[in-house]
There are 2 protein chains.
Amino acid sequence: MNRLKSSQKPPSAAFESEPCPMPDIAKLIGGKWKLIILQILIFKGMKRFNELRRMIDGVTQTMLTKQLRALEADGLVKRKIYPEVPPRVEYTATKRAHDLQDMFMAMHDWWVAGQEEK
Amino acid sequence: MNRLKSSQKPPSAAFESEPCPMPDIAKLIGGKWKLIILQILIFKGMKRFNELRRMIDGVTQTMLTKQLRALEADGLVKRKIYPEVPPRVEYTATKRAHDLQDMFMAMHDWWVAGQEEK
DNA sequence: CTGTATCCAGTACGATACTG
DNA sequence: CAGTATCGTACTGGATACAG
């Protein structure tokens, strides 16, 4: 079944010539929690710190902070601090992160399709 | 600039209800070299071990073997061994891996767009 | 040519306690 | 509420040598 003979897909011009630094991309979204953080912020909108904490099963304060800081440094997450007491911090996905929607959709569809085949 | 007000995108039904285990996906493609290996095998077709080794800058034999074995265990890469001397081993992307094309394209486009904005 | 075996370093990850 | 600090562990990634 399924022997690839010559071409399973047409040109796919994108990858033919360029080096396309996948390692760099992996750096951005490679963390254990980054994908799920981004997914939440992109598709569900702004969240506060403890909201995220509750939504992500198994994450600790420490790791959530670290990954959020890394995402912020990479320009994917915007952190807005309200100088109140008790403190309030809101996290939102940047425009750059929102542009990842298509990728997330493709990723999601792929995963779902894989589950159905079982 | 760019304040997200209510909805930057329509339904995006995918993520609304499901948990969507991004951690599981990260497991599959989270390795340092997995993305680039898959990209090569998916878009450029079958490759032998040392071909991959030469195409991927900086990878060592050990790591290439490990990541290929992991991908094989996850059903993303097919390993075909020819009982010859000298030995020959061919690696190809499975159908499941080929279904990742859309995700790779989205990823690539996103990266390119990000570079241009600079 | 295509690996495997060992050993080693760096870092990613995590539990816990403490702070403004 | 939203962190920081500290410390310990697990795992990933890598250099080198060796093998079928």
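Note on naming: letters A, B, ... go to the chains in the order of the sequence lines (proteins, then strands), and numbering restarts at 1 for each one.
For the side-chain contact (heavy atoms from CB on, under 4.5 Å) test, residues two or more places apart in sequence or in another chain that qualify with B:A70 are B:K34. The side-chain contact (heavy atoms from CB on, under 4.5 Å) check on A:A26 picks up B:L35, with sequence neighbours excluded. Partners of B:K27 under the side-chain contact (heavy atoms from CB on, under 4.5 Å) rule, at least two apart in sequence or in another chain, do not exist in this structure. Remark: A:R79 engages A:E72 in a salt bridge (Lys or Arg N to Asp or Glu O under 4.0 Å) (not counting sequence neighbours). Applying the side chain to side chain donor-acceptor pair (under 3.5 Å) test to A:R88 and every residue at least two apart in sequence or in another chain returns A:E84, A:E90.
Aromatic ring pairs are classed by plane angle as parallel below 30°, tilted from 30° to 60° and perpendicular above 60°; the pair B:Y91 and B:F49 is tilted.
Between B:A93 and B:I42, the shortest heavy-atom distance links the atoms CB-CG1, 3.8 Å.
If you walk DNA chain D from 5' to 3' and mark each nucleotide with an atom closer than 4.0 Å to a heavy atom of chain B, the marks span D:dG13 to D:dG20.
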In a table with atom names and distances, give each donor-acceptor pair under 3.5 Å that connects a side chain of residues 54-65 of chain B to protein atoms at least two apart or in another chain.
unit_1, atom_1, unit_2, atom_2, d
B:T60, OG1, B:M63, N, 3.3
B:T65, OG1, B:Q61, O, 3.0

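Side chain of B:T94 to main chain of B:K78: no donor-acceptor pair is present (N/O by atom type, distance under 3.5 Å, no hydrogens or angles).
In this structure, CD of B:E84 is placed 13 Å from P of C:dG3, rounded to the nearest angstrom. With rounding to whole Å, B:K27 atom NZ is found 16 Å from C:dA12 atom P. Separating the CE atom of B:M63 from the P atom of C:dA9 is a distance of 18 Å, rounded to the nearest angstrom. Summarising the geometry, the separation between CG on B:L52 and P on C:dT2 is reported as 10 Å, rounded to the nearest angstrom. To the nearest angstrom, P of C:dT4 lies 14 Å from CZ of B:R53. Atom CD of B:E90 and atom C1' of C:dG3 are 16 Å apart (whole Å). In this structure, CG of B:N50 is placed 9 Å from P of C:dG3, rounded to the nearest angstrom. The nearest whole Å value for the distance from the CG atom in A:L28 to the C1' atom in C:dA12 is 17 Å.
Cation-pi geometry between B:K80 and B:Y82 is met: the NZ or CZ atom falls under 6.0 Å from the ring centre, inside 45° of the normal.
In the helix from C:dC1-D:dG20 to C:dG20-D:dC1, the rotation axis of the first five pairs and that of the last five pairs differ in direction by 50°, rounded to 10 degrees.
To the nearest 0.5 Å, the span separating CD1 on B:I29 from CH2 on A:W110 amounts to 7.0 Å. Between B:L38 atom CG and B:H98 atom NE2 the span is 10.0 Å, to the nearest 0.5 Å. Atom CG of B:L76 sits about 6.5 Å away from atom CG of B:L100, to the nearest 0.5 Å.
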Below 3.5 Å is the cut-off: list the nitrogen or oxygen pairs between protein and nucleotides 16-20 of chain C, distance only.
unit_1, atom_1, unit_2, atom_2, d
C:dT16, O4, A:T62, OG1, 3.0

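Residue-level contact check: A:R48 touches the backbone only, with heavy atoms under 4.0 Å from sugar-phosphate atoms and none from bases. If you check every strand for non-hydrogen atoms under 4.0 Å, B:Y82 touches nothing.
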| query | Could you go step by step and tell me if A:V77 and A:L41 meet the side chain to side chain contact (heavy atoms under 4.5 Å, CB included) rule? | reply | CA-CA 8 Å; A:V77 163; A:L41 293 181; 3.8 Å; yes
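Of the residues in residues 65-81 of chain A, those placing a heavy atom less than 4.0 Å from an atom of DNA chain C are A:K66, A:Q67, in numerical order.
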